[in-house]
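Notes for the one structure printed next.
Sequence lines set the chain letters: A, B, ... in the order given, protein chains first and strands last, and positions in each chain run from 1.
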Protein chains: 2
Amino acid sequence: MSAINRPVPKRQLIHECMQDLRRIVKALENYSRSVERNFGLTGPQLWALWELGHTGPQTLKALAARMHLDPSTMVGVVDRLESKGMMVRNQDPTDRRRLSLTLTAKAEALLHSAPHPAQGHLLAGLQRLDRSRVALLNEALHTIVRVLGAEGLEAPFFFSGK
Amino acid sequence: MSAINRPVPKRQLIHECMQDLRRIVKALENYSRSVERNFGLTGPQLWALWELGHTGPQTLKALAARMHLDPSTMVGVVDRLESKGMMVRNQDPTDRRRLSLTLTAKAEALLHSAPHPAQGHLLAGLQRLDRSRVALLNEALHTIVRVLGAEGLEAPFFFSGK
DNA sequence: TTAAAATGGTTTGTATTGCAAATTATTAGT
DNA sequence: ACTAATAATTTGCAATACAAACCATTTTAA
């Protein structure tokens, strides 16, 4: 799109990446909130449903792990989903400590009509892009994940000046 | 990396994009939390500092707008930052309704040693990539922003089945 | 077999973000 | 002078999120 006389310095590119990421995160949050207003389900709640819909019944701990949440946090999410008639806690007969979280028909129906509830707009947008562009995006996101992953999510955390 | 005999279907690529995005968001959240534990500043708080550090003194409303937050939310963030000695509320002499939020020396020092506090790990990772790769990433993120932006952040919100 | 350790889920406590709606002080407009 | 409009705030509410303590139920080990 732009002539490459003097290439944009790397520093600048990185800066733009950061800003874009923040914007993306914010946009996803906002979308999540609009879904909440219109649907009564928050982002994490929808994500939980979606996850369960794809893995099948799960134990609470497993689901929490998948979502990188603390079990104690998960309890609250499950509580709210159960009270909304989207999920059921079943006792695992072989191990009575464990739950088997399963979706209700209502939730299944919802997921069926909304393949990716948490990010509907983005999904719709992606679907309109041609395949090669999506492939590029895919590649780029993998890079970010790798970069983040390489540093470790547990984040020994460092703060050295540059 | 993979032979392109049968190309990965677009549907699959989109799916991966979604997962990666979720992972990225989560990773940033986690990093933010680790910074909080080690530094006593949350993500939004650091972001606010950083923003102010780049724009100079701002009115509360303006800062809120920049961060896509409600002013009433911003008040809380500023409260906490002020009580941590990172920010000062100054009255604007020309318009006594307005504040002029300014960083303290302490905050300036912190920002100096941490150019991009909110996303330190990612930043460090990006800096290790070569320029062309960062450029690609940049391009990809722009695409996402555009896709999200085109749909509109206010999100008329739709949920039609596919 | 029985006591100790580990596991899965929960409760309690606390903090933050986040918005909406109502409120106050100040400024601008008529 | 009286009425908007504006900037910040307060109040009220809900969800996310984690840590730490706590049951119930296995599993392990003595």
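- Taking atom CG on B:Asp79 and atom C1' on D:dT9, their separation rounds to 9 Å, with Å as the unit.
- Side-chain to base pairing of A:Arg97 with C:dT7: one donor and one acceptor N or O lie within less than 3.5 Å of each other.
- Counting only heavy atoms from C-beta outward, the side chains of A:Met86 and A:Leu110 approach each other to under 4.5 Å.
- The side chain of B:Arg80 lies closest to C:dT16 when the candidates are D:dA24, C:dG18, C:dT16.
- A syn base is found at D:dA4: its glycosidic angle is within 90° of 0.
- Counting any heavy atom pair closer than 4.0 Å across all strands shown, A:Ser72 reaches a base atom.
- Closest to the side chain of A:Thr59, out of C:dG9, D:dA8, C:dT17, is C:dG9.
- Using the Watson-Crick or G-U wobble rule with both distances under 3.5 Å, D:dA4 pairs with nothing in any strand shown.
- Separating the CG atom of B:Asp92 from the P atom of C:dA28 is a distance of 11 Å, rounded to the nearest angstrom.
- Summarising the geometry, the separation between CE on A:Met74 and C1' on D:dA15 is reported as 13 Å, rounded to the nearest angstrom.
- Where A:Thr42 and A:Thr94 each meet DNA chain D at their nearest nucleotide, the meeting point lying more 5' is that of A:Thr42.
- With rounding to the nearest 0.5 angstrom, the CZ atom of B:Arg97 is 10.0 Å from the CG atom of B:Asp92.
- Rounded to whole Å, the distance from CG on A:Asp70 to C1' on C:dG13 is 14 Å.
- Between B:Thr73 and the phosphate of C:dT17, there is no side-chain N or O to OP1/OP2 separation shorter than 4.0 Å.
- Rounded to a whole Å, the CZ atom of A:Arg33 is 12 Å from the P atom of D:dA15.
- Between the CD atom of A:Gln45 and the P atom of D:dA15 there is a distance of 7 Å, rounded to whole Å.
- Connection of B:Val88 to B:Val75 is not established within any shared hydrophobic cluster, with ILVMFWY side chains joined at heavy-atom distances below 4.5 Å, either directly or through further cluster members.
- Taken from CG in A:Leu101 to OG1 in A:Thr59, the straight-line distance is 6.5 Å, to the nearest 0.5 Å.
- Among D:dT25, D:dC18, C:dT27, the nucleotide with an atom closest to any side-chain atom of A:Leu69 is D:dC18.
- The partner of D:dA20, taking Watson-Crick or G-U wobble pairs whose two distances both stay under 3.5 Å, is C:dT11.
- D:dA7 atom P lies 14 Å from atom CG of B:Leu63, rounded to whole Å.
- Panel note: side chain A:Glu82, backbone A:Arg89; a donor-acceptor pair is recorded below 3.5 Å.
- OP1 or OP2 of C:dT10 sits under 4.0 Å from a side-chain N or O of A:Arg89.
- We find that CD of A:Glu29 is positioned 17 Å from P of C:dT16, with the value rounded to whole Å.
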